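Below is one structure, written out as structure tokens; the observations come after it.
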Amino acid sequence: MRRWLVALAWLLLAAGGGAHAAAGTDAEDSLLPKIERALNGPCIADPATMRRHHMDLLKHQRWRTVHLGERGAAVSLERCVACHASKTSGSVAAAPGDFCVSCHAYAAVRIDCFECHASRPAAHGAVAAEARP
Ligand code: HEC
Ligand code: HEC
Ligand code: HEC
């Protein structure tokens with residue numbers, strides 16, 4: 001009798017859990033962040049590596065730049081911004097749909113990097129064009 005009850009409990013759990021998981025998947029799909037495509041490519045590493053390791057790469061390079069004075073490395077916020085700025089807002093972190101924000105809002109991550117670092121590409125091109133005779 002006890003064995004039968006345990007089996008029934010598992011059956012109910014499985015059925016209930018299954019229905020729940022199916023509903024959850026639909027809801028999750030519609031809530032997944034819409035990540036805007038880069039303006040240029042390729043990235044400094046493949047996208048799967050970047051999704052998982054960009055924070056380590058950035059923090060590692062920040063340390064090397066600030067403490068060892070290393071400049072011109074491939075891992076640079078200026079470069080991330082140059083490729084990942086939004087076509088609409090011109091930034092990686094101004095509007096909710098912007099590259100860094102879309103994903104971080106979803107993952108409940110907060111970064112303070114753009115309080116000091118520019119979140120928009122430097123307008124070197126525009127300035128140079130204006131300065132031309
Ligand atoms: C030369 C342009 C370029 C540079 C520089 C660049 N990226 Fe990328 N990045 C891309 C491209 C292209 C992809 C592939 C997805 C796409 O087409 O938008 C990508 C993908 C990614 C992804 C995965 C996005 C996803 O859809 O899951 C992350 C995260 C990322 N980059 C972060 C960074 C960070 C952080 C930096 C700076 C350290 C950086 N990228 C520098 C072009 C660039
Ligand atoms: C594909 C989704 C995705 C994109 C796009 C993305 N991030 Fe992240 N980022 C994450 C996730 C998820 C974490 C948290 C990882 C963890 O806690 O282990 C994170 C964490 C970080 C952290 C560490 C935060 C901390 O508190 O330690 C930094 C720094 C960071 N991201 C920078 C950036 C920058 C800059 C960009 C835009 C150029 C960017 N990320 C774009 C998903 C993303
Ligand atoms: C209080 C201001 C400040 C904040 C906040 C800040 N940085 Fe920086 N960061 C600097 C300064 C100053 C440098 C050195 C620039 C130089 O001398 O070339 C630097 C350099 C860097 C570099 C190497 C240079 C480059 O081109 O990117 C990286 C990477 C970096 N920071 C990442 C980050 C990340 C990631 C965050 C957020 C988690 C962050 N920083 C937050 C001030 C700041």
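Predicted model only: the values in this text are computed from it and were never measured. Each residue takes its place number in the sequence, starting with 1. Whatever order the structure lists them in is the order used to number ligands and atoms, beginning at 1.
Looking only at protein heavy atoms, the nearest one to atom 15 (C) of ligand 3 is Thr65 CG2, 4.4 Å. For atom 14 (C) of ligand 2, the closest non-hydrogen atom on the protein side is Val109 CG2, 3.4 Å. Atom 29 (C) of ligand 2 has as its closest protein heavy atom Ile111 CG2, 3.8 Å. For atom 5 (C) of ligand 1, the nearest non-hydrogen atom of the protein is Arg79 O, 3.4 Å. Closest protein heavy atom to atom 3 (C) of ligand 2: Cys103 SG, 2.7 Å. The closest protein non-hydrogen atom to atom 42 (C) of ligand 1 is Asn40 O, 3.3 Å. Remark: minimum distance from atom 37 (C) of ligand 2 to any protein heavy atom is reached at Cys100 SG, 1.9 Å. Atom 30 (C) of ligand 1 has Phe99 CZ, 3.5 Å as its closest protein atom, hydrogens excluded (heavy atom only). The shortest contact between atom 18 (O) of ligand 1 and any protein heavy atom is with Ala38 N, 2.8 Å.
Of the options Arg110, His104, Lys59, the smallest heavy-atom separation from atom 39 (C) of ligand 2 is shown by His104. Residue Cys43 holds the heavy atom nearest to atom 10 (C) of ligand 1 of all those in Cys43, Ser102, Ala74. Between the choices Arg51, Arg37, Glu36, Glu78, the shortest heavy-atom distance to atom 23 (C) of ligand 1 belongs to Arg51. Checking Ala45, Pro47, Cys80, Cys83 against atom 38 (C) of ligand 1, the nearest heavy atom belongs to Cys80.
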> Going through the distances and angles, do Lys87 and Arg37 end up as a side-chain contact (heavy atoms from CB on, under 4.5 Å)?
Replying inline: CA-CA 9 Å; Lys87 284 194 195 74; Arg37 303 212 42 104; 5.6 Å; no
> Yes or no on side chain to side chain donor-acceptor pair (under 3.5 Å) for Thr88 and Ser86, after CA distance, side-chain angles and deciding distance?
Replying inline: CA-CA 5 Å; Thr88 29; Ser86 157; 2.9 Å; yes
> Is there a side-chain contact (heavy atoms from CB on, under 4.5 Å) between Phe114 and Ser91 once you walk through the steps?
Replying inline: CA-CA 10 Å; Phe114 300 117; Ser91 166; over 6 Å; no
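Short contacts between ligand 3 and Arg71, defined as distances under 4.0 Å to a heavy atom of the residue, involve ligand atoms 16 (C), 17 (O), 18 (O). The distance from ligand 2 to the heavy atoms of Leu77 drops below 4.0 Å at these ligand atoms: 35 (C). With ligand atoms numbered from 1 in the order given, ligand 1 contributes 38 (C) to contacts under 4.0 Å with heavy atoms of Ile44. Residue Ala107 approaches ligand 2 through these ligand atoms, each under 4.0 Å from one of its heavy atoms: 12 (C). Every atom of ligand 2 with a heavy atom of Ile35 under 4.0 Å away is listed here by number and element: 1 (C). Applying the 4.0 Å criterion to heavy atoms of Leu58 picks out, from ligand 3, the atoms 29 (C), 35 (C).
Looking at every heavy atom in both residues, Pro33 comes nearest to Ser102 through CB-O, 3.6 Å. Across all non-hydrogen atoms, the minimal contact from Arg120 to Ala94 is NH2-CB, 3.9 Å. Residues Glu36 and Gly97 come closest through the heavy atom pair OE1-O, 4.2 Å.
In Arg62, the parts holding a heavy atom less than 4.0 Å from any atom of ligand 3 are both the side chain and the backbone. Within the 4.0 Å heavy-atom criterion, the part of His117 lying near ligand 3 is the side chain and not the backbone. When heavy-atom distances to ligand 3 are checked against a 4.0 Å cut-off, Met55 has no atom that comes that close, whether in backbone or side chain. Using a 4.0 Å cut-off between heavy atoms, Pro42 contacts ligand 1 through its backbone alone, with no side-chain atom that close.
Summarising the geometry, atom CG belonging to Leu57 is positioned 13.0 Å from atom CZ belonging to Arg52; distances are rounded to the nearest 0.5 Å. Atom CE of Met55 sits about 6.5 Å away from atom NE2 of His104, to the nearest 0.5 Å. Here the straight-line distance linking atom CG of Asn40 with atom NE2 of His84 works out to 10.0 Å at 0.5 Å rounding. Distance check: Cys43 SG to Arg79 CZ gives 11.5 Å after rounding to the nearest 0.5 Å. We find the CZ-CZ distance between Arg64 and Arg71 to be 12.5 Å, quoted to the nearest 0.5 Å. The SG atom of Cys113 sits 8.5 Å away from atom NZ of Lys59, with the distance rounded to the nearest 0.5 Å.
Distances from atom 12 (C) of ligand 3 to the protein include no heavy-atom value under 4.0 Å. Per-atom contact check: atom 33 (C) of ligand 3 touches the protein, criterion being a heavy-atom distance below 4.0 Å. Taking a distance limit of 4.0 Å, we find that atom 8 (Fe) of ligand 2 is approached by some protein heavy atom.
If you chain together hydrophobic residues whose side chains sit under 4.5 Å apart, Ile44 and Leu58 fall into the same group. The same ILVMFWY cluster, assembled from side-chain heavy atoms under 4.5 Å apart, contains both Val92 and Val109. Linking Ile, Leu, Val, Met, Phe, Trp and Tyr whenever their side-chain heavy atoms come within less than 4.5 Å puts Leu77 and Met50 in one cluster.
In summary, no N, O or S atom of His54 is located under 2.8 Å from atom 8 (Fe) of ligand 1. In summary, His84 places an N/O/S atom under 2.8 Å from atom 8 (Fe) of ligand 1, meeting the contact criterion. Metal site remark for atom 8 (Fe) of ligand 3: Cys116 contributes no N, O or S atom at a distance under 2.8 Å.
Assignment of Val92 to the shell around ligand 2 is not supported, since no heavy atom sits closer than 4.0 Å. Distances shorter than 4.0 angstrom occur between a heavy atom of Asp112 and an atom of ligand 3.
Ligand 3 has no nitrogen or oxygen under 3.5 angstrom from a nitrogen or oxygen of Cys113.
Listed for the Thr65 side chain is no donor-acceptor partner under 3.5 Å among the backbone atoms of Arg62. A distance-only check finds no donor-acceptor pair linking the side chain of Asp98 to the backbone of Val101 [under 3.5 Å].
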